[in-house]
Amino acid sequence: MRGSGADETTGDLLMAVARTLRRRFATALESYDVTPAQSRALHVITEHGATRPSEIADRLRIAPRSATEVIDALEDRGLVTRGPDPTDRRATRVAATDEGLRLSRLLGEARRAESERHLARLTADDRAELERILRRLLEDGGS
């Protein structure tokens with residue numbers, strides 16, 4: 001059985017599950033011609049409304065230059081637009097277009113469906129216990 005090595009810690013197993021889910025999400029995104037970084041950025045923009053590129057970079061924990069590349073790709077596809085920041089005319093904000101909002105909803109549905117497929121082997125009780133444990137680990141920022 002994969003992931004059952006005696007030397008693997010709970011943390012190793014948790015990271016292996018996270019990697020598996022990321023791979024599955026990336027595969028699910030391929031049919032939408034969207035990279036995982038583009039999907040995450042679009043999610044940030046649709047969740048938080050018009051957002052400065054620096055805020056997107058911070059939320060994604062990526063370099064500002066990388067965020068600019070992701071935003072450029074989303075803009076080229078007509079999923080986001082750039083506009084002036086009403087509070088600072090030197091800055092810009094990125095907002096989702098109607099097509100970007102629609103795609104973001106579809107990507108969220110695809111992500112949830114992929115999670116459901118992966119977690120389907122667990123019983124309802126196991127899933128509830130896993131969720132309880134994960135939420136506890138995330139309390140107070142995981143510290």
Going by heavy atoms in the side chains, are Thr20 and Val17 under 4.5 Å from each other? no
Please test Arg135 against Glu131 for salt bridge (charged side-chain N to carboxylate O under 4.0 Å, His left out), starting from the C-alpha separation and ending with a verdict. CA-CA 6 Å; Arg135 287 187 189 283; Glu131 184 174 334; 2.9 Å; yes
Non-hydrogen atoms of Thr68 and Arg82 that approach each other most closely: O-NH2, 3.8 Å
Mind checking whether Leu29 and Leu60 sit in one hydrophobic cluster, side chains of I, L, V, M, F, W, Y counted as touching below 4.5 Å? yes
Validation row: Glu114, Arg23 side chains within 4.5 angstrom (heavy atoms): no
Write down the atom of Gly78, the atom of Glu99, and the distance for their closest heavy-atom approach. O-CB, 4.2 Å
To the nearest 0.5 Å, what is the distance between CD1 on Ile71 and OG1 on Thr81? 11.0 Å
Give the intermediate values and the outcome of side-chain contact (heavy atoms from CB on, under 4.5 Å) for residues Arg93 and Glu55. CA-CA 9 Å; Arg93 290 201 180 258; Glu55 293 172 35; 4.0 Å; yes
What's the shortest heavy-atom distance between Ser104 and His43, and which atoms? OG-CA, 4.2 Å
Which heavy atom of Ala67 sits nearest a heavy atom of Pro53, and at what distance? CB-O, 4.1 Å
Minimal heavy-atom distance between Arg52 and Asp88, with the atoms involved, is NH2-CB, 3.3 Å
Do the side chains of Arg132 and Glu129 get close enough for a salt bridge, i.e. N-O under 4.0 angstrom? yes
State whether Arg40 and Glu47 are salt-bridged, where the test is any N-O pair (Lys NZ or Arg NE/NH1/NH2 against Asp/Glu carboxylate O) under 4.0 Å. no
Using the side-chain contact (heavy atoms from CB on, under 4.5 Å) rule, take Met15 and Glu8 through it: C-alpha gap first, then chi angles, then the decisive distance, then the call. CA-CA 11 Å; Met15 293 302 293; Glu8 289 181 308; over 6 Å; no
Could you tell me which non-hydrogen atom of Leu119 sits nearest to which non-hydrogen atom of Arg127, and how far apart they are? O-CD, 3.7 Å
Do Val34 and Arg77 have side chains that get closer than 4.5 Å, going by heavy atoms? yes
Distance check, rounded to the nearest 0.5 Å: Glu69 atom CD versus Ser66 atom OG? 5.5 Å
State the OG1-CG distance between Thr123 and Leu130, to the nearest 0.5 angstrom. 10.5 Å
Quick check for you: to the nearest 0.5 Å, what is the distance between Gln38 atom CD and Ile45 atom CD1? 10.5 Å
Checking side-chain contact (heavy atoms from CB on, under 4.5 Å) for the pair Val70/Thr35: CA distance, chi angles, key distance, verdict? CA-CA 9 Å; Val70 170; Thr35 67; 5.7 Å; no
Whether the side chain of Thr97 engages the backbone of Leu79 through a donor-acceptor N/O pair (distance < 3.5 Å, no angle test) should be reported. yes
Can you measure from CZ (Arg24) to CZ (Arg111) and round to the nearest 0.5 angstrom? 13.0 Å
CG-CG distance between Leu42 and Leu74, expressed to the nearest 0.5 angstrom: 6.0 Å
